[in-house]
Amino acid sequence: QVQLEESGGGLVQAGGSLRLTCAASGRTSMGWFRQAPGKGREFVAAVSWSTGSEYYADSVKGRFTISRDNTENTRYLEMNSLKPEDTAVYYCATSPRAYYSIDYYKRPLSYDTWGQGTQVTVSS
């Protein structure tokens, strides 16, 4: 398995934006998760490699967007209108499988490779 590395985290005021970066590796679906202190790992967003379908948690829908850079073989999580409750460690994860339901992408066990996480802190 390829070790993924996220970057782009940091401190930002509420209403601001950040872009998280994760390396791509060919035919891989990608999911984004986050984990706040004292809480479990929460699904944020995902994209299928076969269809390009995107899935978003209700808490971030309309604010976060997955994008891709073909030349640099990277994928991004564009985070806009950030809220203090978005504060967490964010992880990207990949899977060689393409699912057809958000239910699969919500499950951490659907993924094979994970990044080390990057801290996002949103102040009020």
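The environment of Glu85 atom CD is dense: over 12 non-hydrogen atoms of other residues, nucleotides or ligands sit within 6.0 angstrom.
No side-chain heavy atom of Val89 sits less than 4.5 Å from a side-chain heavy atom of Thr118. Residues Thr28 and Ser95 form no side-chain contact, since every pair of their non-hydrogen atoms from C-beta on lies 4.5 Å or further apart. Considering only heavy atoms from C-beta on, Leu77 comes within 4.5 Å of Val44 through its side chain. A heavy-atom distance below 4.5 Å is not found between the side chains of Ser110 and Tyr105. The shortest distance between side-chain heavy atoms of Leu20 and Val120 falls below 4.5 Å. Considering only heavy atoms from C-beta on, Met79 comes within 4.5 Å of Tyr90 through its side chain. A heavy-atom distance below 4.5 Å is found between the side chains of Ser59 and Glu42. Residues Val122 and Gln13 form no side-chain contact, since every pair of their non-hydrogen atoms from C-beta on lies 4.5 Å or further apart.
Nearest approach of Leu82 to Val12, heavy atoms of both residues: CD1-CG1, 3.5 Å. Between Ser48 and Ser29 the shortest heavy-atom distance is CA-OG, 3.5 Å. Of all the heavy atoms in Ala23 and Leu4, the pair that sits closest is O-CD2, 3.8 Å. Between Phe64 and Tyr56, the shortest heavy-atom distance links the atoms O-CE2, 3.2 Å. Ser17 and Ser81 make their closest contact through OG-N, 4.3 Å (heavy atoms, listed as atom of the first residue, atom of the second, distance). Residues Ile66 and Ala45 come closest through the heavy atom pair CD1-CB, 3.8 Å.
If you take CZ on Arg107 and CD1 on Ile102, they are separated by 12.5 Å, rounding to the nearest 0.5 Å. In this structure, CD on Glu78 lies 4.5 Å from OG on Ser67, to the nearest 0.5 angstrom. We find the NZ-CD distance between Lys61 and Glu54 to be 9.0 Å, quoted to the nearest 0.5 Å. Note that OG of Ser124 is 14.0 Å distant from NZ of Lys83, once rounded to the nearest 0.5 Å. A distance of 11.5 Å separates CZ in Arg68 from CH2 in Trp49, rounded to the nearest 0.5 Å.
Residue pairs meeting the salt bridge (charged side-chain N to carboxylate O under 4.0 Å, His left out) criterion with at least one partner in residues 5-20, sequence neighbours excluded, do not occur; the list is empty.
Arg63 meets the salt bridge (Lys or Arg N to Asp or Glu O under 4.0 Å) test with Asp86; sequence neighbours excluded. Residues meeting the ring-ring contact (aromatic ring centres under 6.0 Å, His included) test with Phe33, sequence neighbours left out: Phe43, Tyr111, Trp114.
There is a side-chain donor-acceptor pair under 3.5 Å between Tyr99 and Arg97.
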From CA spacing to verdict: side-chain contact (heavy atoms from CB on, under 4.5 Å), Gln119, Thr87: CA-CA 8 Å; Gln119 177 70 48; Thr87 296; 4.0 Å; yes
Audit row: Trp32, Cys22, side-chain contact (heavy atoms from CB on, under 4.5 Å) steps and yes/no: CA-CA 10 Å; Trp32 290 89; Cys22 186; 3.7 Å; yes
side-chain contact (heavy atoms from CB on, under 4.5 Å) assessment of Tyr100 paired with Ser53: CA-CA 8 Å; Tyr100 299 93; Ser53 297; over 6 Å; no
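Judged by the 6.0 Å and 45° rule, Arg34 forms no cation-pi pair with Tyr91.
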